[in-house]
Participant: 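Here you go, one structure.
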Amino acid sequence: MELYKTNQLKIYNSLSKSKELFVPIVEGNVGMYVCGPTVYSNVHLGNVRTFMSFDLIFRYLKHLGYKVRYVRNITDAGHLENDADVGEDRIAKKARLEQIEPMEVVQRYTVDFHNILQKINNLPPSIEPTATGHIVEQIEIIKDILNKGLAYEINGSVYFDVLKYNETEHYGILSGRNIEDSIHNTRELDGQSDKKNPQDFALWKKAEPQHIMRWPSPWSDGFPGWHLECTAMSTKYLGETFDIHGGGMDLKFPHHECEIAQSQVKNKVKPVNYWLHANMLILNGMKMAKSTGNYILPDEIFTGDNKILPKAFSPSATRFFMLQAHYRSILDFTSAGIEASEKGYLKLMEAVNSLSKIEASKASSIDINSWKQKCYDALNDDFNSPILIANLFEAVKYVNLLIDKKETLTADDLQNFKITINAFVFDVLGLKNDMQEDSSDKLSGVVELLITMRKEARDNKDWALSDKIRDELAVLGIQLKDGKEGTTFSVN
RNA sequence: GGCGUCGUGGCCGAGUGGCUAGGCUGGGCUCUGCAAAAGCUCCUACAGCGGUUCGAAUCCGCUCGAUGCCUCCA
């Protein structure tokens, strides 16, 4: 029987601001849409955190036995530099600066994006559609909204009429805003605008003559507004109403608010049942920003080539660091923080590697099922990975006690224990075992030989020789561990 | 200015109206030839001030502080 039938998954819904029992529209199936990156520069660590958070959610839903269709777009056009009629999207701007074709920019940073997410061990989404591949769909939606009288055309551009929409619907339902407030509090924007009201947002923008990325439409040669692509693609692949929509906290307003408005007008139904928002990653207590230099790229962490960290940290250690915080909490990336996480991660992996050393007994002194239930309870409570990890460290202690024969498990319980640990560590948390790669048979044969020689030296009280073996192996990154049942080793 | 979020022990980070988070670090003990590893154990907590309550770090109010959005942003 599928696990979802016995697990009560609760999800925090940004729309209701409360945890709700998760019930998908179609039993056993989940449709999930997550706003992807704008591919105009390298992904930074904050992006990675968001996508990793939704990777955890994707993985757990799959683990529970759901058939998940996970759609995450690539924004490769139509993303306005700002909303004040500058008339140039950021992809095109970057292309001009670098003297290359816009699609070359898109290609370069899409590849970078995929590389980083692969290193961090994110699963690829089920569908990864691009904005430029869905221009036709977007134009159709604009036509529909125009026909319904909730958009207007001015000088070849089309804008969504937020005030009119607000007469019958609540624009601000997700972000907790009232349109009346924002009318009085909108800051002055530079440049002139065709918009009737500052709150209105672009559905279609007429391209200036020098603008390279352009498509024909009934209104002008131009490009779609940013908010529209997500509506077009989520509707196309997941339906008019789907289960989960995710994205970074900063997209709540205006992006997701605009999506809701567009969908409500087009389809007359609420587009999403559960809105999920991942919180921000900050660096040394401050917002990450290129302009201030408070900034680090994922690859700079993996290579150690940066001014913030004393050494390199593996993608797995980085992932583990981020999983130790809940996805809805702000996470502060610091050198001390990731160093502590790396040690914990290595400790966890060492325990996983030691599972094979446990021998079964006739009786169990540990209640594995109740421990296992605590792991599920953690994730069922709005994907609480920090609590899951705390429970996994409980398991680490069990592993060490079992190896020392201070606790016992029956063969069945032991099997259950191993399967559960592996499932949570590798399938759900998506960690990779950095400690396994070097443990080839040949290497372990050599180390075992040295361990035997050291034991002989110790038996002869030749401490100089035994310490020499131990210390020089340590220099090579091989640590010897003397236990009651003899000496074992681990490779770093 | 408006709308939010948050303020937990040396650090990072969970959580709950009364009962252990967990990791890292530091101290002690056991084990050990010595160490390491492992196990056991200890320490300074819930920004401040009021209020609700038998009882609040957990609910409410105010103050202070941090941070996000309001303009592209994961």
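Proteins get letters first, then strands, A, B, ... in listed order; numbering begins at 1 in each. No experiment lies behind these values; they were computed from the predicted model shown.
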Participant: When you compare G22(B) with C31(B), how far apart are their P atoms, in angstrom units rounded to a whole number?
Facilitator: 26 Å
Participant: Nearest-Å distance, CG (Asp250(A)) to C1' (G4(B))?
Facilitator: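 Taking CG of Asp250(A) and C1' of G4(B), I get 14 Å after rounding.
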Participant: Which nucleotide in the set A14(B), G22(B), G33(B) lies at the smallest distance from any side-chain heavy atom of Ala390(A)?
Facilitator: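 Nucleotide nearest to Ala390(A)'s side chain: G22(B).
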Participant: Would you name the heavy atoms of Lys432(A) and Phe426(A) that are closest together and state the gap between them?
Facilitator: C-CE2, 4.4 Å
Participant: Could you work out which one of U16(B), C24(B), G39(B) sits closest to the side chain of Lys347(A)?
Facilitator: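 Taking heavy atoms from C-beta onward, the closest nucleotide is C24(B).
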Participant: Any strand counts, and the cut-off is 3.5 Å on both contacts for Watson-Crick or G-U wobble. Which nucleotide pairs with U52(B)?
Facilitator: none
Participant: Just to confirm, is there a sub-4.0 Å distance from OP1 or OP2 of C40(B) to any side-chain nitrogen or oxygen of Lys397(A)?
Facilitator: yes
Participant: Rounding to the closest angstrom, what is the interatomic distance between C24(B) and U30(B) at atom C1'?
Facilitator: 23 Å
Participant: If I pick the P atom on U63(B) and the same atom on C46(B), what distance separates them, to the nearest angstrom?
Facilitator: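 23 Å, rounded to whole Å.
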Participant: Which of these passes side chain to side chain donor-acceptor pair (under 3.5 Å) with Ser175(A): Glu257(A), His255(A), Lys252(A)?
Facilitator: Glu257(A)
Participant: If the P atom of U41(B) is compared with that of C12(B), how far apart are they to the nearest Å?
Facilitator: 26 Å
Participant: Let's see if you can work this out: which of A74(B), G33(B), G23(B) has an atom nearest to the side-chain heavy atoms of Met280(A)?
Facilitator: A74(B)
Participant: Counting side-chain heavy atoms from CB outward, which of G23(B), G39(B), A35(B) is closest to Gln324(A)?
Facilitator: G23(B)
Participant: Under 4.0 angstrom, heavy atoms only, what part of the nucleic acid is His44(A) near: base, sugar-phosphate, or nothing?
Facilitator: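 Base: the residue His44(A), judged by heavy atoms under 4.0 Å, touches a nucleobase.
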Participant: Donor-acceptor pair, distance only, cut-off 3.5 Å: does the side chain of Asp200(A) make one with the backbone of Tyr159(A)?
Facilitator: no
Participant: Could you check Ser466(A) against Asn47(A) and say which one's nearest nucleotide on RNA chain B is further toward the 5' end?
Facilitator: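 Result of the comparison: Ser466(A).
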Participant: Does OP1 or OP2 of C6(B) have a side-chain N or O of Ser329(A) closer than 4.0 Å?
Facilitator: no
Participant: Which nucleotide, if any, forms a Watson-Crick or G-U wobble pair with C29(B), using both distances under 3.5 Å?
Facilitator: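 Paired with C29(B), as far as the under-3.5 Å criterion goes, is G39(B).
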Participant: Given that both distances must come in under 3.5 Å, which nucleotide forms a Watson-Crick or G-U wobble pair with C64(B)?
Facilitator: G7(B)
Participant: Could you tell me how far apart Lys252(A) (NZ) and U71(B) (P) are, to the nearest whole angstrom?
Facilitator: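 Answer to the nearest Å: 16 Å.
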Participant: Out of G13(B), A14(B), A36(B), which nucleotide sits closest to the side chain of Lys481(A)?
Facilitator: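 Side chain of Lys481(A) sits closest to A36(B).
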Participant: Have a look at Ile368(A) and tell me which of Leu409(A), Leu414(A), Thr420(A) forms a side chain to side chain contact (heavy atoms under 4.5 Å, CB included) with it.
Facilitator: Leu409(A)
Participant: Mind checking the P distance from U67(B) to A37(B)? Whole angstroms is fine.
Facilitator: 38 Å
Participant: Is it the case that the base of G33(B) and the side chain of Asp467(A) share a donor-acceptor contact (distance under 3.5 Å, atom types as modelled)?
Facilitator: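 Per atom types, the contact qualifies.
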Participant: Please tell me if Lys343(A) has a side-chain N or O lying less than 4.0 Å from either OP1 or OP2 of U25(B).
Facilitator: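 Looking at the OP1 and OP2 atoms of U25(B), one of them is under 4.0 Å from a side-chain N or O of Lys343(A).
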Participant: Closest approach to the side chain of Ala336(A), judged atom by atom: which nucleotide of C11(B), A14(B), C69(B) is it?
Facilitator: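 Selected nucleotide: C11(B).
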Participant: Which part of the nucleic acid, if any, lies within contact of Ile338(A), taking any heavy atom under 4.0 Å across all strands shown: a base, the sugar-phosphate backbone alone, or nothing?
Facilitator: nothing
Participant: Side chains of Tyr327(A) and Asp382(A): do they bring a donor and an acceptor to under 3.5 Å?
Facilitator: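 Side chains of Tyr327(A) and Asp382(A): pair found under 3.5 Å.
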Participant: Checking contacts here: which listed nucleotide (C34(B), C69(B), U16(B)) is nearest the side-chain heavy atoms of Arg458(A)?
Facilitator: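 The answer is C34(B).
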Participant: What is the nucleic acid contact for Leu331(A), judged by heavy atoms within less than 4.0 Å: base, sugar-phosphate only, or nothing?
Facilitator: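 Answer is sugar-phosphate: Leu331(A) comes under 4.0 Å of backbone atoms only.
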Participant: What nucleotide among A36(B), A21(B), G33(B) has an atom nearest to a side-chain atom of Pro386(A)?
Facilitator: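 Of A36(B), A21(B), G33(B), A21(B) is nearest to the side chain of Pro386(A).
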Participant: Any strand counts, and the cut-off is 3.5 Å on both contacts for Watson-Crick or G-U wobble. Which nucleotide pairs with A45(B)?
Facilitator: none
Participant: Does the side-chain ring of Phe393(A) sit on the six-membered ring of the G23(B) base, less than 5.5 Å centre to centre and under 30° in tilt?
Facilitator: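 Ring-base stacking flag not set for Phe393(A) and G23(B).
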Participant: At less than 3.5 Å, do the side-chain atoms of Asp482(A) and the base atoms of A35(B) form a donor-acceptor pair?
Facilitator: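 Side chain to base: pair found, below 3.5 Å.
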Participant: Side chain of Arg328(A), base of C6(B): donor and acceptor closer than 3.5 Å?
Facilitator: no
Participant: Using the ring of Phe54(A) (Phe, Tyr or Trp, six-membered ring only), decide whether Arg72(A) places NZ or CZ under 6.0 Å from its centre and within 45 degrees of its axis.
Facilitator: no
Participant: Mind checking who G22(B) pairs with, Watson-Crick or G-U wobble, both distances under 3.5 Å?
Facilitator: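 C12(B) - that is the nucleotide pairing with G22(B), both distances being under 3.5 Å.
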Participant: May I have the distance from Leu480(A) (atom CG) to A38(B) (atom C1'), rounded to whole angstrom?
Facilitator: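 After rounding, the reported distance stands at 15 Å.
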Participant: Round to a whole Å and report the spacing from CZ of Phe321(A) to P of G22(B).
Facilitator: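 After rounding, the gap between these two atoms is 20 Å.
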Participant: I want to confirm an ordering. Mapping Glu394(A) and Asp332(A) to their closest nucleotides on RNA chain B, which one lands closer to the 5' end?
Facilitator: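 With Glu394(A) and Asp332(A) compared, the 5'-side residue is Asp332(A).
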Participant: Taking G51(B) as the reference, what is the distance to C70(B) when you measure between their P atoms (whole Å, please)?
Facilitator: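 Comparing P positions in C70(B) and G51(B) gives a spacing of 40 Å.
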Participant: Between Gly36(A) and Asn73(A), which heavy-atom pair has the shortest distance, and what is it?
Facilitator: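 Nearest heavy atoms, Gly36(A) then Asn73(A): N-OD1, 2.8 Å.
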Participant: What integer number of Å spans the C1' atoms of G7(B) and U58(B)?
Facilitator: 14 Å
Participant: Of the candidate nucleotides A74(B), C69(B), A38(B), which contains the atom at the shortest distance from the side chain of Phe253(A)?
Facilitator: C69(B)
Participant: Give one of base, sugar-phosphate or nothing for Gly46(A), where a contact means two heavy atoms less than 4.0 Å apart.
Facilitator: base
Participant: Which nucleotide, if any, forms a Watson-Crick or G-U wobble pair with C34(B), using both distances under 3.5 Å?
Facilitator: none
Participant: With distance as the sole criterion, do the side chain of Arg470(A) and the base of A36(B) form a donor-acceptor contact below 3.5 Å?
Facilitator: no
Participant: Check the phosphate of G15(B) against Asn384(A), side-chain N and O only, distance under 4.0 Å to OP1 or OP2. Yes or no?
Facilitator: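 Yes, because at least one side-chain N or O of Asn384(A) sits under 4.0 Å from OP1 or OP2 of G15(B).
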Participant: Whole-Å distance between A38(B) P and Leu346(A) CG?
Facilitator: 12 Å
Participant: Out of curiosity, Asn306(A) CG to Leu309(A) CG, how far, rounded to the nearest 0.5 Å?
Facilitator: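 That separation rounds to 4.5 Å.
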Participant: Given the P atoms of U52(B) and G13(B), what is the spacing between them in whole Å?
Facilitator: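 Looking at atom P only, U52(B) and G13(B) are 35 Å apart.
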Participant: May I have the distance from Ile330(A) (atom CD1) to G65(B) (atom C1'), rounded to whole angstrom?
Facilitator: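 Computing the Ile330(A):CD1 to G65(B):C1' distance gives 14 Å.
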Participant: A cation-pi test, strictly: NZ or CZ of Lys372(A) under 6.0 Å from the centre of the six-membered ring of Tyr376(A) and no more than 45 degrees from its axis. Yes or no?
Facilitator: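 Relative to the ring axis of Tyr376(A), which defines the angle, Lys372(A) lies outside at least one limit.
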Participant: For Ala325(A), report the nucleic acid contact type (base, sugar-phosphate, nothing); a contact means any heavy atom under 4.0 Å.
Facilitator: sugar-phosphate
